[in-house]
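Notes for the one structure printed next.
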Amino acid sequence: MPEHAQAGHAGAAPAHDHVVPVSTYVMVFLALMVGTGLTVAASYVDLGIWNTPVAMLIAVTKACLVVLFFMHLKYSPKLLWVWVGAAIFFLAQLIVGVGADYLARVFLNLGNPGT
Amino acid sequence: MSSGFPLFPAQASTVAGRVDALYFFLIAISGFFSLLIATLLVVFVVRYRRRRAGELPQPIHGSLALELTWTIIPLIIALGTFVWGADVFVYERRVPPGAMEVYVVGKRWMWKTQHMTGQREINELHVPIGVPVKLTMTSEDVIHSFFIPAFRTKQDVLPGRYSTAWFEATTTGTYHLFCAEYCGTKHSQMIGSIHVMEPAAFQTWLAGGATGSPAQEGEKLFQSLACITCHRADSQGRGPRLDGLFGRTVRLSTGETIVADADYIRESILNPTAKVVEGYQPIMPTFQGLVSEEGVMQLIAYIQSLQAPGAEVVAPPGAGGIKLEEGASPAPRKPKP
Amino acid sequence: MSSLSETAHGPGAHPPVLRHHFESLLNQKESSLLGMWVFIAQEILFFGGMLTAYTIYRNLYYEGFAAGSHHLDVTLGTVNTAVLICSSLTMALGVHAAALGKRKMTVLFLLLTIALGSVFLGIKVVEYADKFHHHLVPGPGFSAESLRDAHGQPVLDGSDTARHAQMFFALYFSLTGLHALHMIIGIPIIAWMARAASQGRFGPVYYTPVEITGLYWHFVDIVWIFLFPLLYLIPHHA
Amino acid sequence: MSTHTGGTPEPYGRPGAPPPPPEPPPQPLRESVNYLNVSYGVKSWLLTTDHKRIALLYLASITVMFAIGGVFATLIRLELITPQGDMVQSETYNKLFTMHGVVMVFFFLIPSIPATLGNFLIPIMIGAKDLAFPRINLLSWYIYMLGASFTMYAMVTGGVDTGWTFYVPYSTHYSNTHVIATGLGIFITGFSSILTGLNFIVTTHKMRAPGLTWSRLPLFVWAHYATSLIMILGTPVIAVTILMVALERGLHLGIFDPALGGDPILFQHLFWFYSHPAVYIMILPAMGVISELVQGMSRKRVFGYNFIAVSSLAIAILGFLVWGHHMFVSGQSTYAGLVFSGLSYLVAIPSAIKVFNWTATLYKASISLDTPMLYAIGFIGLFTIGGLTGLFLAALGLNVHVTDTYFVVAHFHYIMVGGAIMGYLGGLHYWWPKISGRLYPEGWGRVAAIIIFVGFNLTFFPQFILGYLGMPRRYHYYPEEFQILHVMSSAGASILAVGYLLPLAYLAWSMRYGRRAGPNPWDARGLEWEIASPPPTENFLVQPVVTDKTYEYGAEEDAAIV
């Protein structure tokens with residue numbers, strides 16, 4: 001049964017599907033490799049307390065590259081952005097909420113206002 | 001304990017009044033809103049009940065004004081309650097300077113309290129009125145929670161770190177002490193009592209005047225050395241039952257029978273495998289060096305006080321075996337000047 | 001995948017790959033993608049919970065974690081990261097090929113992805129073996145004498161640093177174990193996709209399963225992108 | 001609604017209709033093909049991908065789990081009649097309340113409304129043939145049964161005694177019961193809840209009928225969308241927390257081990273990060289049901305539709321920020337306590353908005369006091385008390401006294417039993433004609449609702465008083481002076497038990513002997529009332545197009561035309 005002929009609109013390649021050129025993939029790949037090298041190098045440089053934030057910044061940029069290009073989020077409907085954003089927001093809320101308790105209790109030793 | 005059928009806990013500490021004030025305020029708020037909703041429901045249901053099968057009411061889609069009112073008003077009440085609650089909380093958490101220090105150690109299923117002057121108590125705490133008492137607490141195993149309902153104070157006690165709580169008793173009497181964080185089998189027996197005394201009476205207690213009779217001291221040692229774990233009141237213990245033992249003839253595993261007198265008990269404590277009761281394993285560890293001579297005497301006095309089985313046990317039920325600081329021999333109470 | 005015996009419903013012949021309850025292929029594809037992204041949102045929280053524990057403990061017990069981390073072989077870690085990024089590339093190219101209907105290229109890239117994934121797991125096995133060899137597996141058998149603290153001195157067993165190092169390795173094994181488990185689940189799925197691709201099941205009209213597998217694989221790669229610096233690259237000085 | 005669908009036997013014979021011609025004997029009432037009689041046999045049920053059949057599969061397993069949880073509850077209440085606890089040993093009592101908690105929370109309350117009524121109604125309410133991923137829907141039921149079997153194994157071979165909260169270090173180092181097996185059961189069942197949530201989200205986004213915009217969505221669907229948000233983003237955190245407990249117990253991976261430096265409070269943070277939003281997973285679907293009941297039974301559009309819809313989302317999102325109010329006395333820092341207490345008061349506001357809106361809907365309505373409406377009114381009353389007692393617990397100073405006492409037990413039972421279960425039963429009765437095609441006996445329904453309401457209040461109101469007196473939670477022995485209140489509570493529990501058995505009886509009875517129900521027995525508005533009851537497998541023979549707003553009952557004068 002000649003599938004393509006009868007498929008009509010329903011069967012045609014979904015309109016929004018944007019085919020990403022191979023060159024973009026290779027460029028992103030190289031960027032990721034550079035990022036990995038960078039983060040390893042950065043760990044040998046003594047930046048004081050800034051080491052971890054720098055490592056996280058590099059990791060976040062690499063993750064964004066993968067999400068936007070490899071996972072096509074850049075060309076996907078906005079709804080997917082909402083859900084990725086929601087997950088990250090609640091994860092941040094978890095880390096900040098728990099971290100705040102430890103910050104107050106252990107680091108700044110504000111356990112009890114009186115003691 | 002208050003007799004009869006209480007509906008409201010005693011107010012026996014400075015913070016109790018503040019907590020109860022907030023409690024009554026919230027009861028008033030909740031009462032008002034619950035009644036409001038309940039009466040509205042009943043009135044609407046009765047007044048607008050369906051009279052005809054095909055009846056169609058007037059469609060009302062909503063009014064922003066009404067929505068705003070029942071958003072803003074609850075918000076104001078809520079934030080007001082929050083501020084009041086926070087104020088009481090900060091009062092509860094700020095230990096007043098010059099408070100009397102008490103160390104509390106929670107161990108699975110008992111509370112060990114120790115005053116700065118050396119008095120050690122199990123499941124008991126004697127405090128004077130009018131003096132703020134600061135509790136510095138830790139746990140030897142799982143999370144417990146030091147809870148005195150009459151003082152409205154509760155604080156979880158965690159292993160591996162110190163938790164602090166404080167209270168200032170205002171009326172004398174004996175009040176419940178509970179463990180409020182689930183900690184295993186005998187969680188519901190990890191209870192005790194707080195004895196609030198006049199300052200003078202407290203001083204005499206502190207000075208050892210009111211120390212318990214040897215039998216009472218023996219009974220505490222009986223627990224602190226964990227004898228109770230084997231010599232239990234019911235017969236499933238690994239060691240023989242001690243009720244009414246004193247003066248009775250006992251058949252030994254070697255077949256001979258002897259009268260269970262003070263020496264036999266003393267020897268069985270310090271050198272248990274010398275005379276083993278028939279039908280029991282020689283598994284009792286020696287307490288040589290773990291209990292002082294005076295301690296042995298107190299233990300004997302305690303065993304002597306155990307009459308026929310089922311006799312009224314002096315200490316509150318279910319205080320399990322207890323070990324003081326590892327290795328430290330249980331120094332008998334030396335009266336302090 | 002969908003059987004060809006789909007009964008025809010509603011207007012026009014039903015393309016065989018369209019499930020009966022979707023009204024268009026575009027709708028079905030968007031639903032599948034949304035479903036996968038929501039699943040990935042859930043996975044973010046799944047790893048996030050453990051990473052929260054790791055973040056808190058690392059800040060609480062920095063010395064122990066630094067001692068534990070310095071024992072890890074950074075070169076192996078870096079190689080592993082590179083391997084996983086390559087597998088991400090090949091996966092993306094595999095999806096690309098499937099979208100263009102190039103059957104042989106799709107199968108090639110998918111098999112390449114499986115190979116790289118297996119290499120990654122192989123390196124992980126090597127690293128785990130090293131930990132077992134040095135008695136660094138948490139539990140009664142844990143001993144910290146093979147660890148060096150920030151000043152180069154050996155870590156004494158029973159010291160705080162040793163206990164906190166044991167917690168580091170507890171979290172190291174949990175995190176990398178969970179990540180490896182996700183790869184062990186991913187590899188057979190990619191193999192299934194490769195087999196389906198080799199049967200010509202995918203074309204420009206319908207290649208959603210390959211794309212969804214790609215999303216899953218890229219997510220697993222992103223988790224490693226975060227795990228690598230957090231576990232391996234604890235600064236030597238701070 | 002615009003389209004007429006599927007011819008069905010008229011439930012109420014038109015009195016004046018001419019009698020059918022005698023020659024061909026009147027045809028026996030040929031039953032239209034619906035999702036129940038389309039195919040028979042075990043395979044047709046166990047391999048179904050029809051969302052309606054999966055809903056019934058869930059209904060059966062949910063009822064069994066509710067019965068098991070109920071048995072534990074009865075044993076607990078019997079045990080607590082005497083202060084010395086004469087019926088069972090302490091170990092057994094600890095296992096009783098733990099299993100009561102685990103079974104009720106993870107195996108009944110969380111899946112109850114979403115998996116049964118949600119599965120059944122969401123596709124119909126939005127005009128779809130089925131959920132977005134029917135096979136994943138069946139997989140979610142199998143995962144639920146797998147998780148349930150793990151927990152049943154643990155229960156039968158010795159039970160678990162850590163409390164449903166699994167607090168460390170007791171659960172990791174001191175409990176010698178089946179913590180890993182029960183934990184695994186909960187871990188697996190968590191994924192069933194995630195997959196259900198995923199299905200609802202994609203269905204709500206992608207499979208709405210043409211014309212059905214978000215502002216025309218039924219409030220039931222809004223509530224389930226908000227619930228699915230929590231299911232998706234909350235459940236994984238408890239899954240990983242229980243995984244860490246199992247790893248620590250099984251493989252000594254000491255993450256929470258105080259001896260190594262592990263912090264029990266971190267466990268509580270991770271546990272409550274899920275478990276507080278979980279209580280909103282339990283109550284939000286019930287709120288969705290109540291919104292439907294209130295408009296259906298008073299035949300009037302809900303007052304402030306937008307506010308109720310948005311407040312569902314607000315509860316879902318704010319619900320994630322407040323977990324610390326479970327830990328005010330647990331050693332959490334004072335400052336964190338202040339922050340969490342403030343946020344907890346914010347999350348109370350949307351619930352208040354909903355209650356006020358429901359009550360306002362009844363103003364100038366045409367209310368018929370059928371069983372669903374009794375449950376709805378019961379829900380509004382009890383949920384109000386439950387919510388307001390939540391304000392007691394959120395007040396920091398008061399929380400110190402009342403947390404971990406029977407005050408908390410009473411609070412969450414008012415929300416769970418007074419709220420979620422009342423909503424579940426109300427929804428079950430409201431859509432029962434649609435689910436089974438039969439009408440349940442109205443008289444029995446009302447009797448059961450009233451018995452449940454009375455029994456419930458007698459059981460849990462004394463516990464508020466007990467709680468403030470200082471009776472701690474999970475106590476096997478208790479001081480003598482609390483006995484009278486405990487006996488009252490146990491008496492109420494027996495009434496409640498009877499109340500719960502009644503619906504089980506007459507609903508099952510009505511499956512076979514109940515009068516046949518027409519497509520719209522309550523004459524309510526909604527896509528689900530447009531199709532036959534029980535509905536055909538594809539729900540809609542012709543794709544419905546939604547033209548006007550939801551719950552559009554129209555005014556008196558329009559009625560003449562209809």
Side-chain angles (χ1 to χ4, degrees), chain A residues 6-18 49 52-53 56 59-60 63-64 66-68 70-115, chain D residues 194 197-198 201-202 204-206 214 225-226 228-238 240-241 261 263-274 276-277 313 316-340 342-344 396 400:
Chain A
Q6 294 171 349
H9 163 70
H16 89 284
D17 189 15
H18 178 82
I49 61 161
T52 320
M56 282 304 105
V60 164
C64 287
V66 172
V67 164
L68 290 177
F70 280 2
M71 299 166 94
H72 304 300
L73 193 62
K74 193 167 189 310
Y75 318 103
S76 308
K78 288 293 159 277
L79 180 60
L80 303 184
W81 291 70
V82 165
W83 273 95
V84 173
I88 290 163
F89 168 73
F90 285 119
L91 178 59
Q93 173 54 34
L94 172 62
I95 293 179
V96 162
V98 174
D101 176 34
Y102 281 88
L103 195 66
R105 181 153 46 93
V106 176
F107 297 109
L108 309 180
N109 198 3
L110 299 168
N112 296 325
T115 52
Chain D
I194 286 172
L198 186 142
I201 287 172
V202 176
T204 316
H205 275 293
K206 289 295 170 191
W214 280 89
Y225 185 80
S228 307
L229 173 88
I230 306 174
M231 281 183 183
I232 290 289
L233 298 177
T235 317
V237 176
I238 192 169
V240 85
T241 312
D263 188 357
I265 297 181
L266 179 62
F267 169 85
Q268 291 178 22
H269 273 298
L270 289 172
F271 177 81
W272 288 112
F273 179 80
Y274 162 72
H276 185 76
L313 277 182
I317 291 163
L318 284 175
F320 273 98
L321 315 181
V322 297
W323 76 85
H325 59 227
H326 296 274
M327 300 158 56
F328 284 148
V329 289
S330 72
Q332 179 185 246
S333 74
T334 315
Y335 295 86
L338 292 172
V339 168
F340 282 124
L343 289 171
S344 300
L396 279 159
V400 166

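Here is the naming used below: chain letters follow the sequence lines, and residue numbers restart at 1 for every chain.
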In terms of heavy-atom proximity below 4.5 Å to chain A, should [X] be classed as side chain, backbone, both, or neither?
X: D:F273; value: side chain
X: D:L229; value: both
X: D:I265; value: both
X: D:L233; value: side chain

Closest non-hydrogen contact found for D:H205 with A:W83 is NE2-NE1, 4.0 Å
Nearest heavy-atom neighbours spanning A:G97 and D:W323:
CA-CH2, 3.6 Å
Min side-chain heavy-atom separation D:D263-A:R105 under 4.5 Å
yes
How about A:D101 and D:V339: do any of their side-chain heavy atoms sit closer than 4.5 Å?
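They are not in side-chain contact.
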Heavy-atom distances under 4.5 Å only: say whether A:L91 touches chain D with side chain, backbone, both or neither.
neither
Residue from D:V237, D:L270, D:I201 scoring the most non-hydrogen pairs under 4.5 Å with chain A is D:I201
Students often mix this up, so state it plainly: with edges at 30° and 60°, are the rings of D:H269 and A:Y102 parallel, tilted or perpendicular?
tilted
